[in-house]
Participant: 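Dropping a structure here in structure tokens format, bear with me for questions.
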Amino acid sequence: MRNSEIAALFREMANLLEIQGGDAFRIRSYEQAARTLEEMTEQVALLAGEGKKLTDLPGIGKSHAEKIEEILKTGTCARLEELRKALPPGITELLRLKGVGPKKVKVLWERLKISTLEQLKAAAEAGKIRGLPGMGEKTEEHILKSLKTVAAQAGRISIHEAVEIVGELGRYLDLQKKIIKRWTVAGSFRRRVETVGDLDVLIEAADRAAATEAIGGFAGLAEITERGPEKLEAALKGGFQVDFRFFEAENFGAALQYFTGSKAHGIACRKIAQQKKLKLNEYGLFRGEKSVAGRNEEEIYEKLGLEFVPPELREDRGEVEAAAAGKLPELIELADIRGDLHAHTKETDGHDTIAAMAEAARQRGYQYLAITDHSQSLTVARGMDEKRLDKHAEAVRKVGAGLKDFMLLAGIEVDILKDGRLDLAESALKELDWVIASVHSYFEQSEAAMTERIVRAVSSGAVHCLGHPFGRLIGQRDPLVFDVDKVFAACKKHSVALEINSHPDRLDLPDVYCQRAKEMGLKMVISTDAHRTLDLGLIEHGVWVARRGWLSKSDVLNTATAAAFRKAIARS
DNA sequence: GCCGTTTTCGGCCCGACTGTTTTCAGTCG
């Protein structure tokens with residue numbers, strides 16, 4: 001059983017326990033265990049199989065370790081079944097509704113035997129919710145409204161969509177300069193998490209009433225759902241939620257630190273504050289009543305005895321300890337990227353010509369670009385056979401020869417076939433400057449078969465880079481299942497780099513695996529998989545993933561100058 | 001239920017808003 005599946009069971013236990021009114025700290029321990037399972041890069045089944053101590057994992061003690069073992073053996077555990085017996089399956093669905101928490105779910109179940117969203121809708125429409133303890137007409141209205149939002153919205157949006165929303169909102173807020181002195185987006189958006197559930201916008205304004213008015217004038221806004229002197233909750237057209245919070249200049253840094261999160265990072269920081277007899281909240285860092293920091297984030301971290309932690313690292317994955325020891329990595333930046341190593345043209349499924357792609361890369365200030373069209377078995381993309389490849393490579397070299405101070409690499413994205421062979425003759429591939437190997441078919445193979453398949457491909461001697469290693473499409477297709485250690489070790493042995501594919505639907509390698517690969521001494525490349533000139537701009541998404549994965553400039557091959565890069569990939 | 005440079009017991013982050021109350025519980029971030 002996979003970590004994510006076990007984690008889901010722990011979350012279910014946490015939710016059921018919460019509805020039953022269990023101890024809050026115990027509930028949190030189940031959630032913490034789920035989080036650990038979701039974020040770890042090793043499969044816990046493997047660790048258990050090797051007899052490793054699961055209690056060494058953060059948030060996993062004796063009791064949770066036993067539950068995990070039990071789940072691995074039987075698919076469930078006694079505690080979960082016991083909880084499920086007391087409450088109907090699926091009742092935790094109700095917790096998805098805004099304004100409906102464990103206490104209300106409990107009342108709904110005990111009084112009206114409501115356990116599904118459908119039943120709740122019927123009861124609310126029939127006016128049966130009002131009159132329940134702690135609930136009135138407003139609660140009923142809110143439930144009906146929230147049911148609509150849940151139905152209409154899948155929930156989280158991609159960071160790419162979020163960037164567009166922030167752009168639009170930001171242009172509007174900038175026009176309100178006289179009223180809104182400063183605004184900035186905190187939350188998961190600022191941490192550049194791959195998907196974003198809502199936006200947290202911090203506002204500095206002398207006249208909050210006027211600022212509220214101004215925000216209400218934003219054309220993209222559907223309605224303001226909550227308004228107080230400190231905060232404003234709004235829904236955009238399309239249902240996406242944006243929270244606005246007001247702060248003064250002397251608190252702004254503390255607010256930014258607090259609302260950037262993550263929750264776990266914030267808790268870790270507040271614990272450190274406690275140890276130093278300080279109190280950290282969204283208004284500042286306090287000794288007793290006296291504020292010792294708050295105007296900017298830098299001074300807060302400094303007073304906590306920590307290096308400044310870049311937002312992308314704030315996930316409580318070791319960054320607080322590293323910051324305390326002064327050992328945070330110097331993260332890669334967008335400006336470090338000197339070339340793109342994955343681009344398609346009209347020859348297969350791209351939209352632009354070789355020359356257009358090269359020119360666009362040059363315009364970005366790059367020193368090089370690899371043209372990497374598809375191979376024959378990807379028929380939907382009109383993939384090339386050896387003959388076409390030969391001609392195409394020649395065309396690429398010809399365009400490249402006409403470019404001054406720019407290196408155009410003739411490459412390919414070759415399919416890794418079902419059995420791990422490459423889709424084109426190795427002799428043909430070895431003529432090329434840059435070879436990416438990718439899985440585009442048979443995603444459902446067993447772990448053993450998939451591992452062997454990829455290991456065989458990267459061991460061929462013809463491959464420079466493993467393209468979008470996990471093959472996932474966020475929210476659409478699950479990642480491939482293979483033995484990460486074995487595949488990474490094979491890549492290391494054969495000097496094959498791992499691609500961080502910057503496409504917002506992929507973001508693959510995922511951040512936690514960047515960290516793992518780095519620890520194993522592997523090199524990464526950040527590429528866009530561009531299918532048109534405009535796509536080259538997606539590179540920033542890959543850089544964000546790399547930053548979230550603790551990568552420095554030196555971990556990423558395409559930060560090298562053209563000359564150094566060519567040397568690095570030269571075939572022996 | 002977890003965890004330990006004040007601890008193997010007694011802690012466990014902190015504040016705002018809403019609705020239903022008549023002083024606060026529930027929910028959220």
Side-chain angles (χ1 to χ4, degrees), chain A residues 10 13-14 17-19 21-36 54-68 77 79 94-108 129-143 145-146 186-189 196-202 208 224-233 241-247 251 254-255 257-286 304-305 316 320-321 324-325:
Chain A
F10 270 85
M13 285 191 272
L17 211 52
E18 202 173 8
I19 296 169
D23 174 67
F25 294 112
R26 181 171 301 184
I27 293 162
R28 221 173 66 192
S29 82
Y30 280 81
E31 283 168 353
Q32 174 58 40
R35 203 175 89 91
T36 296
L54 300 183
T55 48
D56 287 345
L57 297 167
I60 310 279
K62 188 162 168 286
S63 169
H64 284 344
E66 283 171 7
K67 287 192 191 73
I68 292 172
C77 69
R79 186 83 182 96
L94 298 181
L95 292 171
R96 285 171 58 204
L97 295 172
K98 200 170 144 50
V100 178
K103 297 294 192 301
K104 289 206 171 86
V105 170
K106 186 161 192 266
V107 170
L108 289 167
I129 302 298
R130 62 185 79 180
L132 290 176
M135 294 183 236
E137 277 181 50
K138 292 261 188 174
T139 311
E140 199 168 86
E141 271 173 41
H142 274 128
I143 284 175
K145 207 161 164 188
S146 180
S188 51
F189 177 83
V196 175
D198 64 6
L199 290 177
D200 299 289
V201 186
L202 308 186
R208 293 185 180 186
I224 291 178
T225 51
E226 201 178 302
R227 76 171 79 209
E230 308 293 331
K231 69 175 280 196
L232 211 59
E233 267 183 38
Q241 184 170 323
V242 186
D243 297 349
F244 298 88
R245 295 167 196 278
F246 296 111
F247 289 95
N251 312 117
Q257 201 279 334
Y258 189 92
F259 285 104
T260 295
S262 65
K263 200 170 170 181
H265 175 84
I267 289 172
C269 289
R270 289 192 286 280
K271 272 185 188 158
I272 289 184
Q274 266 189 337
Q275 284 164 14
K276 295 186 180 299
K277 305 273 187 241
L278 299 167
K279 188 177 77 168
L280 178 62
N281 60 27
E282 60 263 55
Y283 299 105
L285 184 63
F286 298 90
L304 288 175
D316 195 24
V320 176
E321 295 79 357

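So you know, we letter chains A, B, ... as the sequences are listed, proteins then strands, and number each from 1.
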Participant: Which base sits across from B/dT8 as a Watson-Crick or G-U pair, both distances under 3.5 Å?
Facilitator: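 Matched B/dT8 with nothing under the 3.5 Å cut-off.
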Participant: Ignoring the backbone of A/Arg270, work out which of B/dG1, B/dC14, B/dG29 is nearest its side chain.
Facilitator: B/dC14
Participant: Looking at every heavy atom in both A/Ile60 and A/Ala65, which two are closest together, and how far apart are they?
Facilitator: CG2-N, 3.7 Å
Participant: Rounded to whole angstrom, note down the P distance from B/dC12 over to B/dT18.
Facilitator: 29 Å
Participant: Can you check the A/Ile224 CD1 to B/dT18 P distance for me, whole Å?
Facilitator: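 One finds 12 Å between P of B/dT18 and CD1 of A/Ile224, rounded.
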Participant: Between B/dT6 and A/Lys277, is there an OP1 or OP2 to side-chain N/O distance shorter than 4.0 Å?
Facilitator: no
Participant: Over how many whole Å does the gap from A/Arg245 atom CZ to B/dG15 atom P extend?
Facilitator: 14 Å
Participant: Work out how far the P atom of B/dT27 is from that of B/dT21, and round it to whole angstrom.
Facilitator: 14 Å
Participant: Hey, are the side chains of A/Asp316 and A/Arg35 touching, using non-hydrogen atoms and a 4.5 Å cut-off?
Facilitator: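 Yes; the side chains approach each other to less than 4.5 Å.
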Participant: Where each residue is assigned the nucleotide of DNA chain B containing its nearest heavy atom, which of A/Asn281 and A/Leu57 is assigned the position nearer the 5′ end?
Facilitator: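 The residue whose closest nucleotide sits nearer the 5' end is A/Leu57.
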Participant: Could you please name the option among B/dG1, B/dA16, B/dG29 that lies closest to any side-chain atom of A/Asp198?
Facilitator: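 Between B/dG1, B/dA16, B/dG29, the one nearest the side chain of A/Asp198 would be B/dG29.
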Participant: Round to a whole Å and report the spacing from CD of A/Glu226 to P of B/dA16.
Facilitator: 13 Å
Participant: Roughly how many Å apart are B/dG4 and B/dC13, using the P atom of each and rounding to a whole number?
Facilitator: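 Rounded to whole Å, the distance is 14 Å.
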Participant: Between A/Phe259 and A/Ala65, name the one whose nearest nucleotide on DNA chain B is closer to the 5' end.
Facilitator: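 Nearest nucleotide further toward 5': that of A/Ala65.
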Participant: Say we look at B/dT23 and B/dC28: how far apart would their P atoms be, to the nearest angstrom?
Facilitator: 25 Å
Participant: Assign A/Asp200 to base, sugar-phosphate, or nothing according to its heavy-atom contacts below 4.0 angstrom with the strands shown.
Facilitator: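 It contacts sugar-phosphate atoms only.
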Participant: A/Glu282 has an atom CD; how far is it from atom P of B/dC17, in whole Å?
Facilitator: 10 Å
Participant: Hey, what do you get for NZ (A/Lys276) to CG (A/Leu285), rounding to the nearest 0.5 Å?
Facilitator: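 It is 10.0 Å, given to the nearest 0.5 Å.
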Participant: With rounding to the closest Å, how many angstrom separate the C1' atoms on B/dT6 and B/dG1?
Facilitator: 23 Å
Participant: Decide if atom CZ of A/Arg208 counts as having more than 12 heavy atoms of other residues, nucleotides or ligands within a radius under 6.0 Å.
Facilitator: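 Result for CZ/A/Arg208: enclosed.
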Participant: Given atom CD of A/Glu31 and atom C1' of B/dC2, what is their separation to the nearest angstrom?
Facilitator: 14 Å
Participant: Taking side chain as C-beta onward, heavy atoms only, is A/Tyr258 less than 4.5 Å from A/Leu280?
Facilitator: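 Side-chain contact under 4.5 Å: no.
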Participant: Please work out if A/Ile27 contacts a base, only the sugar-phosphate, or nothing of the nucleic acid, heavy-atom cut-off 4.0 Å.
Facilitator: nothing
Participant: Confirm from the modelled atom types if A/Tyr258 and B/dG29 form a donor-acceptor pair under 3.5 Å, side chain to base only.
Facilitator: yes
Participant: Just compare B/dC13, B/dG1, B/dG29 and give me whichever is closest to any side-chain atom of A/Lys67.
Facilitator: B/dG1
Participant: For B/dT6, does the O4'-C1'-N9-C4 or O4'-C1'-N1-C2 angle fall within 90° of 0, making it syn, or is it anti?
Facilitator: anti
Participant: When the C1' atoms of B/dC17 and B/dG11 are considered, how many whole Å apart are they?
Facilitator: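 Per the computed distance, 29 Å lies between those C1' atoms.
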Participant: Look at the side chain of A/Thr225 and the backbone N and O of A/Glu233, then say whether any donor-acceptor pair between them is shorter than 3.5 Å.
Facilitator: yes
Participant: Return the value, rounded to whole Å, for the distance between atom CD of A/Gln275 and atom C1' of B/dT7.
Facilitator: 12 Å
Participant: Between B/dT18 and A/His142, is there an OP1 or OP2 to side-chain N/O distance shorter than 4.0 Å?
Facilitator: no
Participant: Go along nucleotides 20-27 of chain B 5' to 3' and tag each nucleotide: B for a protein heavy atom under 4.0 Å from its base, S when only backbone or sugar atoms are that close, - otherwise.
Facilitator: SS----SS
Participant: What integer number of Å spans the C1' atoms of B/dT20 and B/dC24?
Facilitator: 9 Å
Participant: Base, sugar-phosphate, or nothing for A/Lys263, non-hydrogen atoms under 4.0 angstrom?
Facilitator: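 Contact class for A/Lys263: base.
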Participant: Looking at side-chain heavy atoms only, is the closest gap between A/Met13 and A/Arg26 below 4.5 Å?
Facilitator: no
Participant: Checking A/Ser146 side chain against A/Leu97 main chain: does a donor-acceptor pair fall under 3.5 Å?
Facilitator: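 It does not hold such a pair.
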Participant: Within this structure, what is the CD1-to-P distance between A/Ile272 and B/dC13, rounded to whole angstrom?
Facilitator: 13 Å
Participant: How close or far is atom C1' of B/dC3 from atom NZ of A/Lys271, stated in whole angstroms?
Facilitator: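 Going from A/Lys271 (NZ) to B/dC3 (C1'), I get 9 Å.
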Participant: Taking only Lys NZ, Arg NE, NH1 and NH2, and the carboxylate oxygens of Asp or Glu, determine whether A/Lys62 and A/Glu66 approach each other closer than 4.0 Å.
Facilitator: yes
Participant: Which one, B/dG1, B/dC13, B/dG29, comes nearest to the side chain of A/Tyr30?
Facilitator: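 In terms of side-chain proximity for A/Tyr30, the closest of B/dG1, B/dC13, B/dG29 is B/dG1.
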